[in-house]
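Working notes for the structure below.
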Amino acid sequence: MARPTKQCILILIAILAVAALTYDQRFSEKGQQAQTCLHANIPTRDVLSVCDDLMKTYAITDRTRARALFRQAYAHQLSEDYPNAAAKYEDVLALRPKWSWPLQNVTTAYLKMEQYDKALQTLDRALDRKPRATKLRLRRAYVHFEAGSYPQALSDVDDVLNTSPLMKGAHRLRHRVLRKLARYDEALLAVSELIEFEPDYVTASLDRAGLYLYDFDKPYHALVDTADAIARDPEYDFALNRHAAALRQTKRDAEALEVLQRALALDPDNAYARKYSDRLKGDIAVHQKHANLLLDVLTVNPANINAALKRADLLRTLNEYAKATAMLEQLWLSYPDNGRIFRKLIDLYGEQRDHTAVLRVMSQNIPPQIGLKELLESGFGRSMDPLDLGDGENELGATRFDALGFALKSVGDGEAAHLAWMIAINTGGEAQLELWQLRLQVAGYYDGPPDGVSSKAFEAALKAYALKVSA
């Protein structure tokens, strides 16, 4: 056989070199496409075509194909193309049915399209394969919740908590389900347990405030939670909105408007703040008009106590406490024995936490031969209203004894403050006890639920809070 010539050898080497170069180029292109398609960054719409080319041009494993499809689905989801996102996620699951991420995401896509049945079918299939998958069961609970199937949602949430009692998502959902079922007492207990379980989760405090505000008609309870939420996160729009709602319900419209304007300054697109700030502006204009009319009445007849008290309420709504108290102080000089003026001054000064003024007004209503603490001791356990603060209404009396207690604490008389607060609780009943449990919980003195049931732990916490001298 003839030996190959030198020229033939050179031609063969050239052919092999070209083939190697071509193969290397194809391998390099495949690597670049794979990196672009499968890289773990946030995908853009460009990923769609790149991944398509990768899957059509090259032989790849099912695992790699599933990853490419997932990236395409995620790109569709980020651009809010939920029908295509759901279709791609289903393709992923056909290749890798046990992969949790596409399971989670496809249900999100179905939720966005309000296709609850499809989301539930997907999760039911997954749970048939993995019945102990608590994250999937919690996901199904959330879908049931969004679909309005609240008993089924509660069943799934309770199953999750029975096996995984520390799962935060289940705790966060449970009180919302109970509220939808109109089981308000249980919802309140559940959200209070959530606050104890996850104290840094500010939204839980606002959810509890919502229960107090809309389901229990206890706006002053709500204010404890909303004020605490704002103190922890001053720029949280949900906290500002809910705080304004509580202020509106306590007829403090001007203060509510100020809070909503803060919310709008942070986010001009805050629809709630925009709606209610416009409404409050109209309400405030009406209140101002009525306050001016009553001023005309008082100009003609300065001794008209009814007109003065009504105007004081309007000025409070307008956040003009100084004008209200100055007017009533002047009137009180002429009628020092009028309990209605006395009590209204306590209300106004107490709400503003003007402790010095509370004690000054209170001292003018106490016989000189008897001390304030002695009066409190004489009333505690018997009349419950030794200073005639209730005006026949226990709730108002409780509020005024509250104000007195804070004033006494401010001057370091913790024992008298404790007496005043105990009278407030006995006067106001379960609601006042619950309010104090809330206050002490927020202040870090009490870790029980605000359920209106007294205990040794609560009593010890109240005493400790009263005797604690502020630095």
Quiz item: Pairs in or reaching into residues 443-452: which pass salt bridge (Lys or Arg N to Asp or Glu O under 4.0 Å), with residues at least two apart or in two chains?
Solution: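 Checked against salt bridge (Lys or Arg N to Asp or Glu O under 4.0 Å) - neighbours excluded - no pair reaches residues 443-452.
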
Practice problem: Can you run down the salt bridge (Lys or Arg N to Asp or Glu O under 4.0 Å) pairs that involve residues 178-193, sequence neighbours left out, and say none if there aren't any? | Solution: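 For residues 178-193: Arg179-Asp215, Arg183-Glu186.
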
Results of side-chain hydrogen bond (donor to acceptor under 3.5 Å, both in side chains) for [X] - residues two or more places apart only:
X: Glu351; answer: Arg316, Tyr321
X: Thr107; answer: Arg139
X: Gln364; answer: none
X: Asp207; answer: His175

Quiz item: Can Asn84 and Gln77 be said to form a side chain to side chain donor-acceptor pair (under 3.5 Å), step by step?
Solution: CA-CA 8 Å; Asn84 279 319; Gln77 182 178 341; over 6 Å; no

Exercise. Report yes or no: is the cationic atom of Lys468 (NZ for Lys, CZ for Arg) closer than 6.0 Å to the six-membered ring centre of Tyr445, at no more than 45° off its axis?
Key: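 Cation-pi check for Lys468 and Tyr445: fails.
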
Quiz item: Does the side chain of Lys218 reach to within under 4.5 Å of the side chain of Glu434, using non-hydrogen atoms?
Solution: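 Touching, per the 4.5 Å side-chain cut-off.
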
Quiz item: Got Leu138 and Asp156 here, is their nearest side-chain heavy-atom distance under 4.5 Å?
Solution: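 They are not in contact (no side-chain heavy atoms under 4.5 Å apart), so the answer is no.
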
Practice problem: Report the C-alpha separation of Tyr89 and Phe70 in whole Å, then their side-chain angles, then the decisive distance to 0.1 Å, and conclude whether the ring pair (Phe, Tyr, Trp, His ring centres under 6.0 Å) test is met. | Solution: CA-CA 6 Å; Tyr89 283 132; Phe70 179 87; 5.6 Å; yes

Practice problem: Report the residues that fulfil salt bridge (charged side-chain N to carboxylate O under 4.0 Å, His left out) with Arg353, sequence neighbours left out, ordered by chain and then residue number. | Solution: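 Partners of Arg353 under the salt bridge (charged side-chain N to carboxylate O under 4.0 Å, His left out) test: none.
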
Please check if the side chain of [X] supplies one atom and the backbone of [Y] the other of a donor-acceptor pair under 3.5 Å.
X: Ser455; Y: Phe458; answer: yes
X: Gln249; Y: Leu213; answer: yes
X: Thr108; Y: Gln104; answer: yes
X: Lys251; Y: Asp313; answer: no
X: Ser164; Y: Leu161; answer: no

Quiz item: Charged N to carboxylate O under 4.0 angstrom, Asp354 versus Arg360?
Solution: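 Salt bridge absent between Asp354 and Arg360.
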
Once side chain to side chain donor-acceptor pair (under 3.5 Å) is applied, what residue pairs with a partner in [range] remain, sequence neighbours excluded?
range: residues 222-248; result: Thr203-Tyr236, Ser205-Arg232, Arg208-Asp225, Thr226-His243, Asp228-Arg232, Asn241-Asn270
range: residues 410-425; result: Lys373-Glu415
range: residues 296-310; result: Asn306-Arg340

Quiz item: Testing Tyr220, Phe406, Phe401 for ring pair (Phe, Tyr, Trp, His ring centres under 6.0 Å) with Trp436, which one passes?
Solution: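 Of the listed residues Tyr220, Phe406, Phe401, the ring pair (Phe, Tyr, Trp, His ring centres under 6.0 Å) partner of Trp436 is Phe406.
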
Check residues 259-267 and write down every donor-acceptor pair under 3.5 Å in which the side-chain atom is one partner and the other belongs to a residue at least two apart or another chain.
unit_1, atom_1, unit_2, atom_2, d
Asp267, OD1, Asp269, N, 3.0

Under 3.5 Å, which donor-acceptor pairs link side chains of residues 273-280 to any protein atom two or more places apart or in another chain?
unit_1, atom_1, unit_2, atom_2, d
Ser277, OG, Ala273, O, 2.7
Ser277, OG, Arg274, O, 3.1

Quiz item: Any side-chain donor-acceptor pair under 3.5 Å between Glu459 and Ser454?
Solution: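 Looking only at side-chain atoms, Ser454 and Glu459 do form a donor-acceptor pair, the distance falling under 3.5 Å.
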
